[in-house]
S.K.: 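Mind having a look at this structure? Questions to follow.
By convention here, the first residue in the shown sequence is residue 1.
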Amino acid sequence: MSSAFPEIYLVRHGETEWSRSGRHTGRSDVPLTTVGEAAARKLAERLSGLSFAAVWSSPSARARKTCDLAGFGSGAVIRDDLAEWDYGAYEGITTKEILAKRPGWQLFRDGCPNGETAADVGARADAVVEALRQAAAAILIFSSSHFLRVLAARWLGLPPQGGALFSLDTTSISILGYEHDLAEPVIRQWNQR
């Protein structure tokens, strides 16, 4: 798909030990696995021929390494507002472990003790959406799953909790864009592997 309007490419970082095991990885700097590094290198082929006015990356080592291995690290701007959800007390813990202690818990509804709520993440996503709209150009973003899901929800005008409706695999590519004009934001592609 191509569009006459700017397209925003979202790339989730490569696999880490924690992403593979389902452990919440917010602010911990867990390195990519060898599988994650190989997949990140393949992003260069998948993104070949595309040009971007800017490349933005989360400050996490896993996002920056994915960006580097994909061939975009030299021009990347690190943006703190692209950081993954701060899981607070749930950092490094799986959903199954959380549910054993807190039945019925849902990240997008309940947030994390000593961490962020969906509204907190949504406020950061809103700042990114505003910057994207002002740039009005093709931009490539490297970040993490839950943040990118909230970003997609806010792009569409959904509440931050709407991010729960999307799923993202490691090293997936998604594209945000517009339909008929700049007043109609859409998801042009999602979770492409």
S.K.: Is the side chain of Glu91 donor-acceptor paired with the backbone N or O of Gly26 at a distance under 3.5 Å, no angle test?
M.R.: yes
S.K.: Spell out, as yes or no, whether a donor-acceptor pair under 3.5 Å connects the side chain of Ser28 to the backbone of Thr25.
M.R.: no
S.K.: Would you check if the side chain of Asn114 reaches a backbone N or O of Ala89 as a donor-acceptor pair within less than 3.5 Å?
M.R.: no
S.K.: Could you tell me whether a side-chain N or O of Ser144 sits under 3.5 Å from a main-chain N or O of Phe147, the two making a donor and an acceptor?
M.R.: no
S.K.: Sequence neighbours excluded, which residues qualify as side-chain hydrogen bond (donor to acceptor under 3.5 Å, both in side chains) partners of Thr94?
M.R.: Glu97
S.K.: Linking Ile, Leu, Val, Met, Phe, Trp and Tyr by side-chain heavy atoms under 4.5 Å, what else ends up with Trp18?
M.R.: Val30
S.K.: Which residue pairs pass the ring pair (Phe, Tyr, Trp, His ring centres under 6.0 Å) test when at least one of the two sits in residues 124-146, sequence neighbours left out?
M.R.: Tyr87-His146, Phe108-His146
S.K.: For the pair Thr66 (side chain) and Gly14 (backbone), establish whether a donor and an acceptor sit closer than 3.5 Å, ignoring hydrogens and angles.
M.R.: yes
S.K.: I'd like to know if Val150 and Leu148 are part of one continuous hydrophobic network [Ile/Leu/Val/Met/Phe/Trp/Tyr, side-chain heavy atoms within less than 4.5 Å].
M.R.: yes
S.K.: Give the intermediate values and the outcome of side-chain contact (heavy atoms from CB on, under 4.5 Å) for residues Ile187 and Leu176.
M.R.: CA-CA 5 Å; Ile187 294 178; Leu176 306 178; 4.0 Å; yes
S.K.: Hey, what do you get for OG (Ser145) to CZ (Arg12), rounding to the nearest 0.5 Å?
M.R.: 4.5 Å
S.K.: Going from NE2 on His24 to CZ on Arg27, what distance comes out if it is rounded to the nearest 0.5 angstrom?
M.R.: 13.5 Å
S.K.: Is Ile8 linked to Phe52 within one hydrophobic cluster, defined over Ile, Leu, Val, Met, Phe, Trp and Tyr using a side-chain heavy-atom separation of less than 4.5 Å?
M.R.: no
S.K.: Using the rule that two of Ile, Leu, Val, Met, Phe, Trp, Tyr join whenever any of their side-chain heavy atoms come within less than 4.5 Å, decide whether Val129 and Ile141 are in one cluster.
M.R.: yes
S.K.: Output the rest of the hydrophobic cluster of Ile78: all Ile, Leu, Val, Met, Phe, Trp and Tyr residues reachable through side-chain heavy-atom contacts under 4.5 Å, sorted by chain and number.
M.R.: none
S.K.: Please tabulate, for the side chains in residues 161-170, all donor-acceptor contacts under 3.5 angstrom to protein atoms that are two or more places apart in sequence or on a different chain.
M.R.:
residue: Asp169; atom: OD2; partner: Asn191; partner atom: ND2; Å: 3.0

S.K.: Could I get the full list of side-chain contact (heavy atoms from CB on, under 4.5 Å) partners for Ala54, not counting sequence neighbours?
M.R.: Trp56, Ile139
S.K.: Please identify each residue that fulfils salt bridge (Lys or Arg N to Asp or Glu O under 4.0 Å) with Arg23, with sequence neighbours left out.
M.R.: none
S.K.: Once side-chain hydrogen bond (donor to acceptor under 3.5 Å, both in side chains) is applied, what residue pairs with a partner in residues 119-135 remain, sequence neighbours excluded?
M.R.: Glu116-Arg124, Thr117-Asp120, Asp126-Arg154, Glu130-Gln134, Arg133-Tyr178
S.K.: Taking salt bridge (Lys or Arg N to Asp or Glu O under 4.0 Å) as the cut-off, I'd like each qualifying pair that reaches into residues 60-85, sequence neighbours left out, listed once.
M.R.: Arg79-Asp81
S.K.: Using a 3.5 Å distance criterion without hydrogens, assess whether the side chain of Ser143 forms a donor-acceptor pair with backbone atoms of Leu82.
M.R.: yes
S.K.: Considering only distance and modelled atom types, tabulate donor-acceptor pairs under 3.5 Å from the side chains of residues 35-50, sequence neighbours left out.
M.R.:
residue: Arg46; atom: NH1; partner: Thr171; partner atom: O; Å: 2.8
residue: Arg46; atom: NH2; partner: Gln192; partner atom: O; Å: 2.6

S.K.: What pairs of donor and acceptor atoms, side-chain ones from residues 98-106 against any protein atom, are under 3.5 angstrom apart with sequence neighbours left out?
M.R.:
residue: Arg102; atom: NH1; partner: Tyr90; partner atom: OH; Å: 3.2
residue: Trp105; atom: NE1; partner: Gly111; partner atom: O; Å: 2.9

S.K.: Can you tell me how far the OG atom of Ser57 sits from the NE2 atom of His13, to the nearest 0.5 Å?
M.R.: 10.5 Å
S.K.: Can you list the residues that meet the salt bridge (Lys or Arg N to Asp or Glu O under 4.0 Å) rule with Glu17, with sequence neighbours excluded?
M.R.: Arg20
